[in-house]
Each structure stands twice: as C-alpha cells, then as structure tokens.
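Below is one structure, written out as structure tokens, with a few remarks after it.
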2 protein chains.
Amino acid sequence: MSRVPQETRARLLDAAVELFAEQGFHGTSVRDIALRADVNVASANYHFGSKEDLYLEVLRSQFAAIRARLSERRAKVPVEEIAGLDRDELVALLRSRITAMLELFVGHPPSRHARLMLREMLDPSAALPVAVDEFMRPEIEQSKAILSRLEPDIDDETLEQCLFSMMGPVIYVTLARPALLLMSGREEYPADFAEQVGRRMTEFSLGGLARIARIARGEDA
Amino acid sequence: MSRVPQETRARLLDAAVELFAEQGFHGTSVRDIALRADVNVASANYHFGSKEDLYLEVLRSQFAAIRARLSERRAKVPVEEIAGLDRDELVALLRSRITAMLELFVGHPPSRHARLMLREMLDPSAALPVAVDEFMRPEIEQSKAILSRLEPDIDDETLEQCLFSMMGPVIYVTLARPALLLMSGREEYPADFAEQVGRRMTEFSLGGLARIARIARGEDA
DNA sequence: CCGGGACATGAACGATCGTTTAAAACGATC
DNA sequence: GATCGTTTTAAACGATCGTTCATGTCCCGG
C-alpha cells in the first residue's frame, strides 16, 4: 500500500520533530517515531539512511522554519533601510523583534523550534553550523544594525557583548520556564507574558545601551 | 577485594557527574559510568538502586556544590546587611555576583555544574524542586534584595522581570558557548572573559534598572 | 576461630536499541 | 497486462541497554 508520494517521509519528519524536540536524540527511539507517524519502522532508515541523518534533517528543516516564523510575526525592515529610521521607529522595531521572539519561544504549547534550538546549543551536532548561519548570525547582524544606529558611539565588540544582554533574557525565560513556574507557583506564564515582558526587556535594554554609550563617550565613571 | 569504605560509591558518583554532565541521562550508560569509575557494573545498582536514582543523587550533590562554589568566589554579604550598604558597595556586590557566576559557568573546562543545571532546566526531573530551592530561589532572593535597595521605586513583580535581564545573559553565554565561538571563529572565550563581560553586563544592568525605575516614577515616556 | 553483614564480582537475564534483509505491493510506462 | 523502479512491510539481526543473581571476598565482633 503506497500513499501520496513522499507522504511517509513527511509524516516521519513531523513525528521526529515533535519527539526529538520533546525528548532529545537519545531519549527518542526510531520505533517511537515510526509509531507516532503510523508507518513501518524500516521506513525511517529507507527515507533518511539512519537515525542520525533523520535528526540532522529535522534540525535543518526547523532552523529554516524559525526565521520564517519570526519574519511573519514582527515588523519587517530590510537591513539597508535601518539607516533611514528615526529613534522612535528604531525602538519600535527593537520591541517588535524581542516580542516576536518571546511569542514564538514561550507560546502555548512550548515551541518545538525553541526546544530543538536549545538542545542543539547544549549538545551541538553536525547541524550547529546550519543553526548559526541560518538563524543566529542573521538575527545578530540585524540586531547589531539597529543597535549601532541607536547608539553610534559604541564600538563593535562592545555592541556584541550588549547583545548578550538582549538575547540572553529571551533564551533564559524559554529554557528556565519549568523552574520559574515552579518557583512562582503558577501553572503557566500569563497570556500577555510576551507582550508585557517584551516591553520590559526592551526598556531595560534601552537603558542598558544608553549607559554603555555614556561610558563609551567617557561621560560616566 | 574491598576498598576503603564508600570509596566505590564515591568513585561512581564522580564518574556519573562527569558523564551525565557531558552526555546527559539518556546518552550515558551505566556501563560507561562503571568503566570510568573502574568498578563493577553491578556496583551502581547496589549503591544507588537504579540508574535514575544515581542521576538524582548526582543532581542533588551538584546543586548543593554550586552554591558553595559561588560563595567561595564572590563577596559575601548576609541578606540582612544589604540594607546598610551604600550605592557603591551595592554596585560592587552586584558585579561580584555576576562575575562569580560567569567564572563558575564559563571557566575552562566547561563547568559540569552548569551543564547539569542546564540539562535539568531543559528536561526537568524529580530533582527540579531541589534545584529551585537549593540554588535558584536563594540566588534570586539575594539579587532582589540588592536590586530593591538600588532602586526602591520598582515594585516586586517588575523587579523579578528585571532579574530575567540580569540572569539571562549569564545563562546565555554559558549555553550558547559553542555557537558563539563558532560564530566568532574563536577556539575559546578569552581568559578575561568573565571579568570583562561581567563588568559590561553589570553596567548594562545598572542602566536598564535605572530606566525601569524612571518609568516607574513616571519620569519617562 | 568462627559467623555474619557489607561489598565486589562475573555472568546472565529479558527488553529494547538501530539497522538489515528479502519479499510483497505499488504506480508509472510501454 | 507485463515490466520496472519505488516504496512498504514483517521479521530478524547483533549489539547494547538496565538490572538481577549467585558466588566470592573481605572485615569485624564474638
């Protein structure tokens, strides 16, 4: 019995995304994936060669999807147009980016994209360069472009360190969600979490940036 | 042949810490642990009951160790004395805490403490409440005490969100180390990374806090 | 000197792992 | 409708998994 062309492959990929995201590479068996995809165990090896190749295919497909999803949700401004924005527009753009990433990462249910990304950070595989080139580097470059327009006095290396303080909190609330919820006694982040926390993180970052800029200008001790 | 009492148990625990930190629970076999500990396979089950119990024991032992290690490295001030510090002392205390955590987490070689902690965040086990109670909650409470002295105008909930922006970057550079190194083309973080980045993160946070405080006071749009 | 509790050991258990095999079933082409 | 490459399938492979068991060795109080 043969289905629509490539359907088995697609079903396997979908199931693999979900299970690898939830339980990790070693915590997921090929049989589990085949069972959830409702296909034969051997299909996985037929279509992907090996469990590891399937995993890499999952990562590749997701890293591309993350940028696409992010682009859907946030204000779109090509890098070359950033130079023409005024301060208010730059701030709005920054908040839009932070909030979009929060929405994508800490939405309900917990994002598979985010979990796969976090797993790849913690246990890098052969797909790490793909994650870096397809997702991290573009994100960081775009953010740097905005920041250097906002605060032209900050040199490049310092700007990159400032980015730690801007991306970090988003990663943190994503990764530590179970712990933070346990600590607060809540069952789940409130519905407006991304909106509210995104605004706060943006303001915090603007203040941080301003202070770093003042120091760079030698205005502050 | 019997060794010093409890030595086998201790050797197993040491080996387990290293392997679980490096490869995770599912990525590590009991035989690997026994092999590295240079003891018989059955010893693991004899001393700990099961692989899972051994894992929980590893986590418990490490969470206690993390706070102890942190306390060694940073300025020690009991919570009740924070109320008596002036601004410069508070700032120095804050930087001391951030730098100490950076040193512990991103030192060479990569900290087993940090990796186990990150794993527990990503895939919580029965030990998560221990991690929260033994490490996260005390750390956060102490930080909150310092922050609320620095900026008394910020309400409690907002202060907790500001903590996202202060702890987050430390977690981020720990978790994303391989990716960040790959992106920068470097082999390893520079030797003064904790010192330099810690200073920057502290200044960034001070600026962020100040801006949130201004907004709380209604001074800023 | 003896008995018993604590620990170490090699071997084996059944279960599950990723992968392979050979044959069956299919759709497209002539 | 026969043929061919593609896909699906059930079954089995050897390896490795966590765990158990029976036996052996050790130390210690009597």
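Each chain gets a letter, A, B and so on, in the order the sequences are listed, and its residues count up from 1.
Residue B/Tyr46 places its side chain closer to C/dC7 than to any other of D/dT20, C/dC7, C/dT19. Picking from C/dT19, C/dC7, D/dC21 the nucleotide with the shortest atom distance to the side chain of B/Thr8 gives C/dC7. Residue A/Arg31 has its side chain nearest to C/dC17 when only D/dT20, C/dC17, D/dC17 are considered. When distances run from any side-chain atom of A/Val41 to the nucleotides C/dT19, D/dT19, C/dC7, the shortest one goes to C/dT19. When distances run from any side-chain atom of A/Lys51 to the nucleotides C/dT19, D/dT9, C/dA12, the shortest one goes to C/dT19.
Computed from coordinates, the B/Asn45 CG to C/dT9 P distance equals 15 Å when rounded to whole Å. Atom CD1 in A/Ile33 sits roughly 8 Å away from atom P in C/dG18 (whole-Å rounding). Atom-to-atom, CZ of B/Arg11 to C1' of C/dT9 comes out at 15 Å; the value is rounded to the nearest Å. Rounded to a whole Å, the CZ atom of A/Phe48 is 15 Å from the P atom of C/dG18. As rounded to whole Å, 17 Å separates atom C1' of D/dG18 from atom OH of B/Tyr55. Distance A/Leu35 CG to D/dA10 P: 13 Å, rounded to the nearest Å. Here C/dT19 presents its C1' atom at 15 Å from CG of A/Leu12, a figure rounded to the nearest Å. The distance between atom CG of A/Asp38 and atom C1' of D/dT8, rounded to the nearest whole Å, is 13 Å.
The distance from the OG atom of B/Ser125 to the CG atom of B/Leu59 is 5.0 Å, given to the nearest 0.5 Å.
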Checklist entry - In dot-bracket form, how is DNA chain D paired, counting a Watson-Crick or G-U wobble pair only if both its distances are under 3.5 Å and using | for bases paired to another strand? => result |||||||||||||||||||||||||||..|

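The salt bridge (Lys or Arg N to Asp or Glu O under 4.0 Å) contacts involving residues 130-141 of chain B comprise B/Arg74-B/Glu139, B/Arg97-B/Glu139, B/Asp133-B/Arg137, where partners must be two or more places apart or lie in separate chains.
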Item to check | CA sep, side-chain torsions, deciding dist, call: A/Asp123, B/Arg115, salt bridge (Lys or Arg N to Asp or Glu O under 4.0 Å) | outcome: CA-CA 10 Å; A/Asp123 293 303; B/Arg115 284 183 73 79; 3.3 Å; yes

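A 4.5 Å side-chain heavy-atom check between A/Lys51 and A/Ile33 finds every atom pair outside the cut-off. At a threshold of 4.5 Å between non-hydrogen side-chain atoms, the residues A/Met201 and A/Met101 do not count as touching. With contacts defined as side-chain heavy-atom distances shorter than 4.5 Å, the pair B/Leu181/B/Glu188 qualifies.
Between A/Ser29 and C/dC17 there is a side-chain N or O to OP1 or OP2 distance below 4.0 Å. Regarding contacts with the backbone of C/dC17, every side-chain N or O of B/His26 stays at 4.0 angstrom or more from both OP1 and OP2. Checking the phosphate oxygens (OP1, OP2) of D/dA10, a side-chain nitrogen or oxygen of A/Asn40 falls inside 4.0 Å.
In this structure a side-chain-to-backbone donor-acceptor pair under 3.5 Å is missing from B/Thr28 to B/Phe25.
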